[in-house]
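Written below as structure tokens is the structure these notes are about.
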Amino acid sequence: MVLRLSTLFLRTLREDPVDAEVASHKLLVRAGYIRRAAPGIYTWLPLGLRVLAKVEAIVREEMNAIGAQEVHFPALLPREPYEATGRWTEYGEGLFRLKDRKDADYLLAPTHEEMFTLLVKDLYSSYKDLPVTLYQIQNKYRDEARPRAGLLRGREFIMKDSYSFDVDDAGLEASYQAHRAAYLRIFSRLGLEIVPVYATAGAMGGSKSEEFLHPTEVGEDTFVRSAGGYAANVEAVTTVVPAEIDYAGAPAFEVKDTPDTPTIDSLVACANAIAPRADREWTAADTLKNVVLAVTLPTGERQLVVVGVPGDRAVDLKRIEANIGAHLAAAGELGVEAATDEDIKKVPALVKGYIGPALGLDAATLGAESSSGIPFLVDPRVVAGTTWITGANEHGKHVFGLVAGRDFAWDGTIEAVEVRAGDEAPDGSGPLETARGIEMGHIFQLGRKYAEALDLKVLDQNGKLVTVTMGSYGVGVTRAVAALAESNHDDRGLVWPRNVAPADVHLMVTGKGEELFAEAERIAAGLEARGLEVIFDDRPKVSAGVKFGDAELIGVPTIAVVGRGLAEGLVEVKDRATGTAENVAVADVVETLVARARGWDLPRP
Ligand code: ATP
Ligand code: MG
């Protein structure tokens, strides 16, 4: 295959597009791979389509290799299945909704759990039919709040989504592990560094879940990892719980006047002034900060929650959002934000700036609900026997020496505060460091949630109806193209890994002589005969500078130059990534280029 630049539908650009923030977006537009059609919506040009097809081919091969079978759903779907699972509303503003001429509701699918579940229900009815795994490579539509970074977060994007159907938990685990292994192979073949991280189940319900993150500064996800191999999404990190402390003999708590101390800093300063410690200064870590949060339930109702955390740690709303569902027995997307002054005023027991746990309970009554009637959750570091300075629920007063489990109780523990670099990994594998990444894939044990909502049951060995258990697995295909561009470029342009490059060789003629063009034609034909894909810059009246600039911008791994050297029988062969060049005898050029292209592991036509 030879793509001639004299006729290829391509215009490279010198200037970065004005709306582009990240390198991959700038370069994919400038090098003529994609064009913007609308915010977060892109047109694929010939070079872009070639890269996209290669990414898709790798994904498809690895899915087929684990026995998954390809199907293809419409992107335009009726409302009813999404109504049945609650997602027509739960998806909120992220969903593109539309109407047909008869005024019936439709949507552009953001993901396809419902349709796959219904398809299997439609055709299968016995345990003998299972397990089965189906997948598609298809456009998805999400009206993202902030479409940014070009293909990294589009409003139309391509996802490979697959779904496994099993009769029992062991089957689901096997399907999940098969996907996990396939994903590791996919990303390794793409040449994309990946860190699989533990994730929380989030709005989808279900249990076990891992995300495949590509570490990059432009990523929107923060994750943590330890030198010993632990890696998790920040939302999923669990705190190492300290041992309980024996509080027999701990002095009784004391309420003290602490005028004008509504903040942790002012409280610590006051404590050191009015009740100095002999051994050391009081610090923020000695205080228990009680934060009032407002949770928006899927019903739209606003529920207040008080969360008690060590005063030296900031509250992390995303971690709370990911973990609070269990405490409120609420499914679906929960919004968590700081309660407003309005919210707090409605509850007289909450004294802003001086909020504390319900006090004065003796051990026998601990566990009774807090005085305000609002659920009181604490950070896992608040274990029995820990001693705190905290609000006394009276204006201008705090309580000192309040012992957890002796003087106050809580309704539950929640991961509520920031994870910091240096915190211990939960599996004991060392201190955590934080990094940024972008989610390239997600595997997820969905369990029976969708099967239950859509009534997908099969007859088991004993002729009894059992609900099928499902897994759901996604790879961002267009996002992978962008991530590859993001992590494989330099200041002159793209530098594609061989497996996804739009061609093997970028061949160009520099100079004017007929014999140069004739020789280059022979080389192009020779490469084509050996099955290589060639971009051939055969433009007659374009300067060498422009041709080099385009070759480096387009980013094919090997550049071959037929120019001045031909007089001595030499062709220059240059590596795009390293810039190293060698002069190769004309007679050997085809074989040299074939050898360089051998890293390629896609099947040859
Ligand atoms: P994110 O947290 O980045 O929004 P998500 O959790 O919404 O991702 P999933 O619903 O699990 O993503 O979708 C599966 C895969 O689809 C993701 O791992 C990602 O690679 C890709 N993807 C999701 N949203 C987009 C988007 N707006 N543009 C491009 N790819 C996307
Ligand atoms: Mg998303």
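Remember, it's 1-based here, ligands and their atoms both numbered in the order they're listed.
- In the candidate list Glu220, Glu156, Arg479, Arg479 is nearest to atom 3 (O) of ligand 1, counting heavy atoms.
- With no hydrogens or angles considered, no side-chain donor-acceptor pair links Thr111 and Arg142 at under 3.5 Å.
- Here atom 4 (O) of ligand 1 lies nearest to Arg153 when heavy atoms of Arg153, Lys160, Arg155 are compared.
- His25 has its ring centre less than 6.0 Å from the ring centre of Tyr42.
- For Arg35, the CZ atom is loosely surrounded, since the number of other residues' heavy atoms within 6.0 Å does not exceed 12.
- The option from His442, Lys140, Met159 that lies nearest to atom 13 (O) of ligand 1, judged by heavy atoms, is Met159.
- Within ligand 1, the atoms closer than 4.0 Å to a non-hydrogen atom of Met440 are 18 (O), 20 (O), numbered from 1 in the order shown.
- Less than 4.0 angstrom separates some heavy atom of Glu144 from each of these atoms of ligand 1: 24 (N), 26 (C), 27 (N).
- The shortest N or O to N or O distance between Glu439 and ligand 1 is under 3.5 Å.
- The ring-ring contact (aromatic ring centres under 6.0 Å, His included) test applied to Phe223 returns no partner, not counting sequence neighbours.
- In this structure, Phe116 has its ring center under 6.0 Å from that of Phe73.
- Between Lys140 and His112 the shortest side-chain heavy-atom distance falls below 4.5 Å.
- The atoms of ligand 1 that sit less than 4.0 Å from any heavy atom of Leu152 are 28 (N), 29 (C).
- Numbered from 1 in the order shown, with element, the atoms of ligand 1 that lie under 4.0 Å from a heavy atom of Gly154 read 26 (C), 27 (N), 28 (N), 29 (C).
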